[in-house]
S.K.: 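Take this structure, written in structure tokens, and hold onto it; I'll ask about it next.
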Amino acid sequence: MIDNPNYQGIWKPRKIPNPDLFEDLEPFKMTSFGAIGLELWSMTSDIFFDNFIVSGDRRAVDGWASDGWDLKKAADGAAEPGVMDQMIEAAEEYPWLWVFYILTVALPMFLVILFCYSGKKQLSAMKYKKTDAPQTDVKEEEEEKEKEKDKGDEEEEGEEKLEEKQKSDAEEDGGTAS
């Protein structure tokens with residue numbers, strides 16, 4: 001660390017006596033006044049102020065506000081058109097907005113109906129409830145049916161061949177005997 005021979009301790013601001021300083025022991029007691037000055041910087045000229053109240057009684061302020069402000073707010077709200085009215089007015093000015101409205105309302109409804117209520121058939125495997133009992137596989141059942149069918153076909157073919165052989169033998173015997 002570098003030595004500083006002129007170090008005089010932690011800096012403190014000088015206290016200069018102010019002859020105009022006074023302490024207001026009752027700041028809530030004010031004399032009547034007739035105007036309020038506001039300094040407001042804004043980019044728009046359509047800002048209006050009226051009906052200021054300065055009071056120490058909360059109930060008096062709430063009563064005064066409900067007498068004036070609530071009535072003004074209700075009157076302004078009734079005079080303004082609703083969202084649907086604003087949308088219709090905008091669509092009258094710009095007719096292409098109807099396409100936008102239809103796409104934002106009808107398209108999602110169509111897609112919901114299409115995907116949720118399309119009437120898809122459930123898979124046959126979904127119909128069976130799983131149980132602990134052993135179940136044969138579908139492939140095994142199909143193979144067994146095919147084997148039974150093949151056996152039945154083979155037996156029929158064997159019987160047909162036997163009948164044909166007997167007929168041919170009978171014809172040969174009958175041809176030589178005559």
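What you see is a predicted model; the values in this text were computed from it and never measured.
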S.K.: If you round to the nearest 0.5 Å, how far is CD of Glu146 from NZ of Lys149?
M.R.: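 If we round to the nearest 0.5 Å, Lys149:NZ and Glu146:CD are 8.0 Å apart.
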
S.K.: Do other residues, nucleotides or ligands put more than 12 heavy atoms under 6.0 Å from the OH atom of Tyr94?
M.R.: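 No, because the 6.0 Å sphere around OH of Tyr94 holds 12 heavy atoms or fewer from other groups.
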
S.K.: To the nearest 0.5 Å, how far apart are CE in Met87 and CG in Leu97?
M.R.: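 Here the interatomic distance stands at 8.5 Å.
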
S.K.: Check the surroundings of atom CG in Leu38: do more than 12 heavy atoms from other residues, nucleotides or ligands lie under 6.0 Å from it?
M.R.: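 Yes, CG of Leu38 has more than 12 neighbouring heavy atoms, counting only those of other groups under 6.0 Å.
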
S.K.: To the closest 0.5 Å, what do you measure between CG (Asp20) and CZ (Phe22)?
M.R.: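 Spacing of CG (Asp20) from CZ (Phe22) equals 9.5 Å.
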
S.K.: Parallel, tilted or perpendicular: which one describes the rings of Tyr101 and Trp98, with boundaries at 30° and 60°?
M.R.: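 Plane angle over 60°, so perpendicular.
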
S.K.: So how far is it from Lys29 NZ to Leu25 CG, rounded to the nearest 0.5 Å?
M.R.: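 Interatomic distance, Lys29 NZ to Leu25 CG, rounded to 0.5 Å: 11.0 Å.
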
S.K.: How long is the gap from CD on Gln86 to CD1 on Ile88, to the nearest 0.5 Å?
M.R.: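 If I round to the nearest 0.5 Å, the distance is 11.0 Å.
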
S.K.: Can Val105 be reached from Ile113 by stepping across I, L, V, M, F, W or Y side chains whose heavy atoms are under 4.5 Å apart?
M.R.: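 Different clusters.
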
S.K.: Report yes or no: do Tyr7 and Ile2 belong to one cluster of Ile/Leu/Val/Met/Phe/Trp/Tyr joined by side chain heavy-atom distances under 4.5 Å?
M.R.: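 In one cluster: no.
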
S.K.: Are the side chains of Leu107 and Thr104 in touch, meaning some heavy atoms are under 4.5 Å apart?
M.R.: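 When only atoms from C-beta onward are counted, Thr104 and Leu107 do not touch, as no gap falls below 4.5 Å.
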
S.K.: With clusters defined by side-chain heavy atoms of hydrophobic residues (ILVMFWY) lying less than 4.5 Å apart, directly or transitively, does Phe110 cluster with Phe115?
M.R.: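 Yes, it is one cluster - the side chains of Phe115 and Phe110 are joined through contacts under 4.5 Å.
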
